[in-house]
Amino acid sequence: MGRRGRFRGAAGHHALRLLEALQLDGRAPFSHLARRLDLSERTVARRYQRLCGLGLRIVGQPDPARLGLVRWLLRLHCPPDAAGTIAEALARRPDTSWVTLASGGTELYCAVNTRTADERNALLLQKLPRTPHVLSVSAHCMMRIFVGATSTWHATRFRPATPAAIAVDSGTPLTPLALDATDRTLFTELARHGRATLPELSKATGRSPSSVQRHLDRLRTEGALNLSVDFDPQLLGYHMSTRLWLNVAPAHLRTVGETLATHPAIAFAAAITGTSNLVASGVFRSPADLYDYIDRQIGPLPGIQSIETAPTLREVKRLAPALP
C-alpha cells in the first residue's frame, strides 16, 4: 500500500482500534496498548510503526487557555490567485497554530493565540489590514470549547467523546499555570514527538527521569498538556473535511455545543463571537454522509437558525504548538 493508499476491511478495523487506544493516552506504553487491544506487544509495535510510516504523529499540545492565552479564529477572504501566498505567510507566523484553505480557494481560516491586547491588535488592526489582496477579515474569539482540547482542530477524533471529555463550565476562571524552564522544554520536545521517551526528555531538559515524570504528571493533571493524534483521515476512507458555521439561539447554545461534542464526526466545536456563534470541524466519508449528518443529527437540534458549510481544500499548517 502506497503513501496515498487506504486501509480496507480488517486492516482498517485494526488501524482504527489502535488509533482509538492512542487517543485515550498518546503516551501509553506498547505493553498497555497490547493489553487494551488483546494483542501481543510486538504486534502493536509493528502496527504503530506502519501507521507512522503513513504519517501518524502523536503531538503534545499546550492548552492555550490553561496558559493564559486567548484563542481567536480568523476568517479571511482573498482572491484565489493570492490565497496560497497569504496562507503560507500566515503559516510562518509563530503565533498561528493552524492555517486552512477552504471555499473554492477564496477563504482562509487561521487560529491565533494571543496573551495581550497589544498582540491581538498588532495582527488584527495593523498587519492584516495592510496585507495586499486581503479583501476582508473577521475575528472570532473562542469563548468556550466543547470538544477539542486546543485551538488546533485538524486531528481527527477516532472515537466518540466521553462525558468527561466534554467541557464543563465551572463558573470560575482558571488561573494561568506557571511554567518553568523544564516545562517549556518539555512542550518543545513533545510538539516534535509526543511519545518521546523519558531518557530522551531527560537529556533534553537536563533533569532526571523521575523529575521529568513529575513535570509531565503535573502538566497533564492540570490540563495544560494534551496529546493529539494526527493521522490523515483519507487513508481510512474519510474524504470530506468540512467547517460548519452555525447560528444558534442563545438559550440553546450550550445544549447544541455539548451535543455536537458527543458526535464522533466532530473533532472540534466551540462557541465563538460573531454572527455565527458556534463553529465545528467535521470529517465525513462523502458529501452524502455530510448531508445525512446535517439532516439527521444537526437538523433536529433545538434553536439552530442557520448553518453554513465550507469544505476544506488544503491544510497549510496544522498541529503547531502555541507556547507563551
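Salt-bridge formation is detected for the pair E258/R144: a Lys NZ or Arg NE/NH1/NH2 atom is positioned less than 4.0 Å from an Asp or Glu carboxylate oxygen.
Applying the ring-ring contact (aromatic ring centres under 6.0 Å, His included) test to every pair with at least one member in residues 294-314, sequence neighbours left out, gives no pairs at all. Residue pairs meeting the salt bridge (Lys or Arg N to Asp or Glu O under 4.0 Å) criterion with at least one partner in residues 186-195, sequence neighbours excluded, are E189-R192. Counting only residues at least two apart or on different chains, no ring-ring contact (aromatic ring centres under 6.0 Å, His included) pair has a member in residues 298-318. Legend: salt bridge (Lys or Arg N to Asp or Glu O under 4.0 Å) pairs involving residues 83-94, not counting sequence neighbours, sorted by first then second residue: E88-R314, R93-D95. Identified under the salt bridge (Lys or Arg N to Asp or Glu O under 4.0 Å) test for residues 297-308, with sequence neighbours left out: R75-E308.
For CZ of R220, the number of neighbouring non-hydrogen atoms (other residues, nucleotides, ligands) closer than 6.0 Å is greater than 12. Heavy-atom contacts from other residues, nucleotides or ligands closer than 6.0 Å to NE2 of H133 number 12 or fewer.
Considering only residues two or more places apart in sequence or on other chains, R46 meets the salt bridge (charged side-chain N to carboxylate O under 4.0 Å, His left out) condition with none of them. With sequence neighbours left out, the ring-ring contact (aromatic ring centres under 6.0 Å, His included) criterion links H215 to no other residue. The side-chain hydrogen bond (donor to acceptor under 3.5 Å, both in side chains) test applied to S136 returns H77, not counting sequence neighbours. Under the side-chain hydrogen bond (donor to acceptor under 3.5 Å, both in side chains) criterion, R214 pairs with no residue, sequence neighbours left out. With sequence neighbours excluded, the residues forming a side-chain hydrogen bond (donor to acceptor under 3.5 Å, both in side chains) with S40 are T43, listed by chain and number. When the side-chain hydrogen bond (donor to acceptor under 3.5 Å, both in side chains) test is applied to S208, the partners found at least two apart in sequence or on another chain are S210. For Y293, the ring-ring contact (aromatic ring centres under 6.0 Å, His included) partners at least two apart in sequence or on another chain are H263, F284.
The two atoms that bring F146 and R254 nearest to each other are CE2-O, 4.1 Å, heavy atoms only.
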